[in-house]
Amino acid sequence: MQEPVWVVGRVVPDTLTGGLNDQSVLLEGSREASGGARVRLDLSRLPTFRLFPGQVVAVCGLNPTGDALVAQSIVTHMPPPARPPDEAPAAASLVVAAGPYTTAENLLYEPLGELLRTATALGADSVLLLGPFVDAEHADVQGGLLDVPFDVVMREQVVRRVALWQADPGNAHRRVVVMPSVRDVVSPPVFPTPPLAGLLDGCVPERTSSVHAPASFAVGGLRIGATSHDVLLHLSANELWRGPTPDRMAALSSHVLGQRSFYPLFPPPLGACLDTSHAAAVALHAAPDLLILPSNLAPFAKPVALAPEALPGSTPAKAAGVPDAVVAVNPGRLAKGVSGGSFAHVVVVPGDRPLHERMRVDIRRL
């Protein structure tokens, strides 16, 4: 009698151009262990699952005929390990925004100016600005209607506004973190995206940081994992699932944590600009307190369990020392069409409860 076995592999579709469906899912082994061998994955006995191309999973099942692995259970989530112990912030206030920072009808960057004024009014300790800043999809950029170089637009409209805001004595203690996007014409169109080196001259150096996309960093003791790429939109278009979906946005966000990657989808869709030679820079090495995932999907702020409740056929695993949940946030786009969009205001209040229970996130309209 055949005994069930555990195997680990990557989910792939049976054709290069086709998406996943119940009959097209293959499990691909590693080159080292199996030379990249593939076997069809029979999902008929699983009442629930959430799969997408490129997802690394562990499957327990049988292969009675030699041409299909009949899955009995599947592990889809192995969240990142906890960071070395450090103190969680007693209190914090953070404003998070994602570009575009100007409306579709001009390049005056009025939404950016309003955001900075609002950050002061809210008493934010830090401001996190995610690209795009000079958007490749803006009509004036696409149409070649600018009479100045792109970097001049960046310096005059973005850097100058931030520098003037920082020069206000009331903002002397506020920190600014800047992350580029693949849609920025002032940075290489590749993901992971290098920092905006040299373009932030004029800002206060000790209070301004330029990080690559994606990145993990700390702001006021708050551990943040952030990307500027729309991984949620890409996952939502390629995910195959069965069973109840109580919260789709939380489920999509959990894939980033469960796969320990800011971009776990492979192959990527056209325009994703993913450079696999720098895959290590996309890895999520430690569990953050706050996970920033800007997207064209509806803005949200939700606690996401690092080890979701085990369902039949979908068994997550949790590393020792990892907190129960992180807070995932999609701040939306600061400018949408000819009007203002949205941003997020994150507040951590003092207390003895776990950090995600002391964190409040307001999605605010501009």
Side-chain angles (χ1 to χ4, degrees), residues 95-120 124 126-168 171 174-215 217 219 226-230 271 273 275 292 294 296 331-343 366:
V95 163
V96 182
Y101 289 91
T102 189
T103 58
E105 59 188 359
N106 59 53
L107 287 170
L108 299 179
Y109 285 79
E110 293 167 336
L112 175 59
E114 185 175 347
L115 173 77
L116 295 174
R117 291 190 293 271
T118 303
T120 300
S126 304
V127 177
L128 173 57
L129 302 176
L130 309 171
F133 297 96
V134 185
D135 189 5
E137 297 182 7
H138 193 281
D140 289 357
V141 175
Q142 287 184 324
L145 302 179
L146 300 182
D147 55 4
V148 296
F150 298 139
D151 61 335
V152 173
V153 176
M154 178 71 182
R155 290 192 174 95
E156 289 298 317
Q157 297 294 346
V158 178
V159 176
R160 183 178 62 85
R161 288 177 185 273
V162 173
L164 289 174
W165 178 76
Q166 289 179 318
D168 187 322
N171 299 321
R174 308 187 203 278
R175 178 182 173 187
V176 176
V177 181
V178 177
M179 176 183 289
S181 163
V182 294
R183 285 168 48 182
D184 268 309
V185 293
V186 292
S187 66
V190 64
F191 188 78
T193 312
L196 293 170
L199 286 177
L200 299 181
D201 295 343
C203 296
V204 180
E206 60 270 21
R207 291 190 280 116
T208 308
S209 303
S210 179
V211 297
H212 56 80
F217 51 93
V219 174
T227 181
S228 56
H229 217 340
D230 198 344
C273 303
D275 184 354
I292 309 296
N296 289 339
R333 302 295 181 184
L334 190 68
K336 299 186 71 172
V338 297
S339 62
S342 63
F343 66 95
L366 194 63

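This chain uses plain numbering: 1 for the first residue, then up along the sequence.
Although no hydrogens or angles enter the test, the distance criterion places a donor-acceptor pair under 3.5 Å between the side chain of S228 and the main chain of P180. D168 places no side-chain N or O within 3.5 Å of a backbone atom of W165 that could act as its donor or acceptor partner. Here the side chain of Y101 pairs a donor or acceptor atom with the backbone of L130 at under 3.5 angstrom. At least one donor-acceptor pair under 3.5 Å links the side chain of H138 to the backbone N or O of T103. Not one N or O on the side chain of R183 forms a donor-acceptor pair closer than 3.5 Å with the backbone of G131. With T227 contributing its side chain and A213 its backbone, the two residues share no donor-acceptor pair below 3.5 Å. A distance-only check finds a donor-acceptor pair linking the side chain of R207 to the backbone of N171 [under 3.5 Å]. A donor-acceptor distance shorter than 3.5 angstrom exists from the side chain of D135 to the backbone of E137, with no hydrogens or angles considered. Between the D140 side chain and the L145 main chain, no donor and acceptor come within less than 3.5 Å of each other.
No side-chain heavy atom of P214 sits less than 4.5 Å from a side-chain heavy atom of H229. Annotation: side chain of V141 is not in contact with side chain of V153 (no heavy-atom distance under 4.5 Å). Taking 4.5 Å as the limit, some side-chain heavy atom of C203 sits within range of a side-chain heavy atom of V159. Looking at L107 and Q157, their side chains never come closer than 4.5 Å, going by heavy atoms from C-beta outward. Contact check for L115 versus F343: side-chain heavy atoms found under the 4.5 Å cut-off. No side-chain heavy atom of T118 sits under 4.5 Å from any side-chain heavy atom of V95.
Q166 and T208 form a side-chain donor-acceptor contact under 3.5 Å, judged by distance and modelled atom types alone.
Nearest approach of G99 to R333, heavy atoms of both residues: O-CD, 2.9 Å.
Here the OG1 atom belonging to T193 is positioned 9.0 Å from the CE atom belonging to M179, to the nearest 0.5 angstrom. Distance CG/L112 to OG1/T102: 9.0 Å, rounded to 0.5 Å. L199 CG to M154 CE: the interatomic distance, rounded to the nearest 0.5 Å, is 6.0 Å. Note that CZ of F191 and NE2 of H212 are 10.0 Å apart. Values are rounded to the nearest 0.5 Å. We find the CG-OG distance between L129 and S210 to be 11.0 Å, quoted to the nearest 0.5 Å. Taking OG1 of T120 as the start and CZ of R174 as the end, the distance is 4.5 Å to the nearest 0.5 Å.
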| query | Given L200 and V178, is the side-chain contact (heavy atoms from CB on, under 4.5 Å) satisfied, shown in steps? | reply | CA-CA 9 Å; L200 299 181; V178 177; 4.2 Å; yes
